[in-house]
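Input: a single structure, listed below in structure tokens.
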Number of protein chains: 2
Amino acid sequence: MQTTGWFFFTCIHSCRPTVSADNYYSHRFTRYIVVRNKPVHNHSGKARIKDIAERANVSPGTVDRVIHDRGEVSKKTREKVLRIIRELDFQPDVVASTLASKKSFRIAVLMPRADRSSRFWESPATGMDDALNEIGHFGVRMDHYWFDYFDRSEFVRQARQVLQNKPDGVIVAPVFSEEAGDFAGKTIQHSIPLVFINACIAQQPHLAFVGQDAQRSGMVAAKLMYFGLGDKPVLIVNFIHKKGNQAHILEREEGFRKQYISNNKKADTILHSLQIDTASQTLVNNILGETLKDRPDIQGIFVTNSRVHRVAAFLEKVNRQDIRLIGYDVTKENKVFLARDTIDFLIGQQPWEQGYKSVMALFNHLVLKKEPKKTQHLPIDIITRENIEDYHNNK
Amino acid sequence: MQTTGWFFFTCIHSCRPTVSADNYYSHRFTRYIVVRNKPVHNHSGKARIKDIAERANVSPGTVDRVIHDRGEVSKKTREKVLRIIRELDFQPDVVASTLASKKSFRIAVLMPRADRSSRFWESPATGMDDALNEIGHFGVRMDHYWFDYFDRSEFVRQARQVLQNKPDGVIVAPVFSEEAGDFAGKTIQHSIPLVFINACIAQQPHLAFVGQDAQRSGMVAAKLMYFGLGDKPVLIVNFIHKKGNQAHILEREEGFRKQYISNNKKADTILHSLQIDTASQTLVNNILGETLKDRPDIQGIFVTNSRVHRVAAFLEKVNRQDIRLIGYDVTKENKVFLARDTIDFLIGQQPWEQGYKSVMALFNHLVLKKEPKKTQHLPIDIITRENIEDYHNNK
DNA sequence: TGTATTTTCGTGGGCGCACACGAAAATTTT
DNA sequence: AAAATTTTCGTGTGCGCCCACGAAAATACA
């Protein structure tokens, strides 16, 4: 890749007109003339179907049939062609191929819509759009099937729609893990490649998973908390809707606990865990208020998802900004409290990248025929008041 | 983008054979027949050169000449064609265009080689390679012009080489800002688009800058330091080679100071700054040893570049791991100390992304004819022992 | 051995665009 | 008004691959 530069370029342009010695074969009867001493590759340095055909003494059509496994080729020729393909390391020209086939790929995206309760899913969607913009020329199309983050039945309905429409590839956010598992199973049956975004159902076969290592993100949070607090007691808050199924949120707590305990030299570190199943600020205030009355020694709070702004609002209300607060995701609400330093750190999931990379994974598979990395863990971003602007800048 | 899905796809495939009603024009004399009521777009939904030609009553060749501003078109026809192009919102098909033109673009990359003193530049190179892999089909080539990070004259020599070879686009790491400024000026003269990577010379016109906001990264470091230390004195260490010119490294210190002071409520925060111009560990030990003897109250050290591992080694030697240590970049050496918690945080620059995005910026400009974002600030990564694995995972 | 099938293959016409070539129209010169 | 230029334009070929069509070769059957 380093040495193909200037000289080579000159060569391309000056030599081209004289090199194209095509049509070595002309008729079925005369068969093909094997041209010895002819360079393996044509001027562009890459073997073409025509080159293969010449070498194999067959027509381009036959080579094409072999390449696409379209049958109608005798075993013997097939093998000869395959051998030569390997010999010349033939790689079909994606550009020409796209142009000729005019085939278009449809990617179905099954993910929560961004609503007032959380705008989180806006960013992945943007990332997907941006990716599509770069590769749309290859005939890749995208269809969105949105569902409400808390509406299990809508998920199921939309999933059914997706299957009915038989897309060429699927991206799914497995918010409801059981139903998503079913869905994943079915895509496999139809041999539709599937990419998990944001969370993963490891048991189900999939083309790729793009998202964060939940447990490790919890560990990072613990690290930050410990850095600021040392061996002081910490409260963990899970906002979990009882109908939702958020395995990866629990993993975050697990990671946090593991790390925090291992950091602490003293044995009496107190980690208190709290489940809150409500969106009402008043109720949150009550619950937290009582908890803090019970344990006035609590110096830090870790919230395992983006609803950390609820806790922040509470802390400001009771004037306890001294308590260290760490949560997830750069949302509009959280940004306000981060700016005021009530929230100390947010853990970011690089949502834009998640969208971008999921599309790219499918693109690589469908168009370029290259297998993407199966697990694409995104960096765990730590967002502070100071770096938040960059975070959104180029997304 | 959302609504082109299934139905449309069906349409493409079932309608295609019957739609292609070409050759509406046949001879110069008969002129072209204006077909009324014919749909604006062809079956694929996008206008082609041929469609323009029909509408304008000219031949495809003429349209082509207009599109490429190749002259030989009367003013009147030219304007008519342009009007119709706008009307139909014609966008040339990049795929077909690439295939037909067989033009190749050469990107010249002028950046430091990764050597034993720092492997940092390995990652951007990888990112570039990976990007090239995705877009190489469009005839994009890349040539590297490496220089030694400390060798100003080699930079100049290589820069001259680049200009001599007249590439179609340039990516440069402006390590020596004066010389890089000259170079940038010259690329402009030759109207070669230029992308700054890692650091930027804002005065020079450029297509894009991909890198970090240096000052803000210093602020983040300060935030972390303050989170752990509160109002305690901190030492800032700059490893600056006197011959090098690293404006952005000084910006990091500036950002750190600004933030640290604003965080502190007390006025007596001590920030002590130290310049070290040597690679020798022994000398580093001596200098740091004396400094710490002078000011035993120092509780944290901020190192403004990747040579933080020197300080870490010292701290371990004198058994002062209690001192908080923050530096830059995930290098092999730094990783060791991060794993042992001697280094508390590393600030990452997403080097892989820097490489990837610089190439993509040029690709967008050269091939897709879309202007990339001019300033692409990457997120400021905070790397801890806990999240370091992900950081390298998919790069 | 001759005919009907089935298998295996070659050919040709695109895909949308770039570009060279030469011919027609417009303009200038005699 | 005819000839010589210059300007403007249409046509044809090809980029590398896909795919439909039909024809030749191989096999089966009578």
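Below, chain A is the first sequence line, B the second, and so on; all start at residue 1.
In this structure, of D:dC17, C:dC17, C:dC9, it is C:dC17 that holds the atom nearest to the side chain of B:Phe90. Looking at the side chain of B:Thr77, the nearest of the listed nucleotides D:dC9, D:dC15, D:dC18 is D:dC9. Nearest nucleotide to the A:Ile49 side chain, out of C:dC15, D:dT8, D:dC17: D:dC17. Taking the side chain of A:Ser74 as heavy atoms from C-beta on, and the options C:dT8, D:dC15, C:dA20, the nearest nucleotide is C:dT8. Listed candidates were D:dC18, C:dG10, C:dA18. Nearest to the side chain of B:His68 is C:dA18. Nearest to the side chain of A:Pro92, among D:dC17, C:dC15, C:dC9, sits D:dC17. In this structure, of C:dG10, D:dT11, D:dT8, it is C:dG10 that holds the atom nearest to the side chain of A:Val58. Which of D:dC18, C:dC15, C:dA18 sits closest to the side chain of B:Asp64 comes down to C:dA18. Closest to the side chain of B:Ala100, out of C:dG16, D:dG16, C:dC9, is C:dG16. For B:Ser59, the side-chain atoms get nearest to D:dG10 when compared with the rest of C:dC9, D:dG10, D:dC17.
Every salt bridge (charged side-chain N to carboxylate O under 4.0 Å, His left out) that B:Asp64 has, sequence neighbours left out, goes to B:Arg70.
Dashed line: the shortest gap from a side-chain N or O of B:Thr62 to OP1 or OP2 of D:dG10 is under 4.0 Å. OP1 or OP2 of C:dC19 has at least one side-chain nitrogen or oxygen of B:Arg70 nearer than 4.0 Å.
Using a 4.0 Å heavy-atom cutoff across all strands shown, A:Asp93 reaches sugar-phosphate atoms only and no base atom. Nucleic acid contact for A:Thr98: none, since no nucleic acid atom lies under 4.0 Å from a heavy atom of the residue. Across all strands shown, A:Leu99 has heavy atoms under 4.0 Å from base atoms, whether or not it also approaches the sugar-phosphate.
The nearest pair of heavy atoms linking B:Gln376 to B:Ala361 is NE2-CB, 4.1 Å.
When the nearest nucleotides of DNA chain C are assigned to B:Val94 and A:Gly61 by heavy-atom distance, the more 5′-ward of the two goes with A:Gly61.
The distance between atom CG of A:Asp51 and atom P of D:dC15, rounded to the nearest whole Å, is 11 Å.
Aromatic pair A:Phe196/A:Phe183: centroids not less than 6.0 angstrom apart.
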For this session: In sequence, state the C-alpha distance, the side-chain angles, and the governing distance for B:Asn165 and B:Tyr145, and then conclude on side chain to side chain contact (heavy atoms under 4.5 Å, CB included).
Result: CA-CA 11 Å; B:Asn165 291 349; B:Tyr145 298 79; 2.9 Å; yes
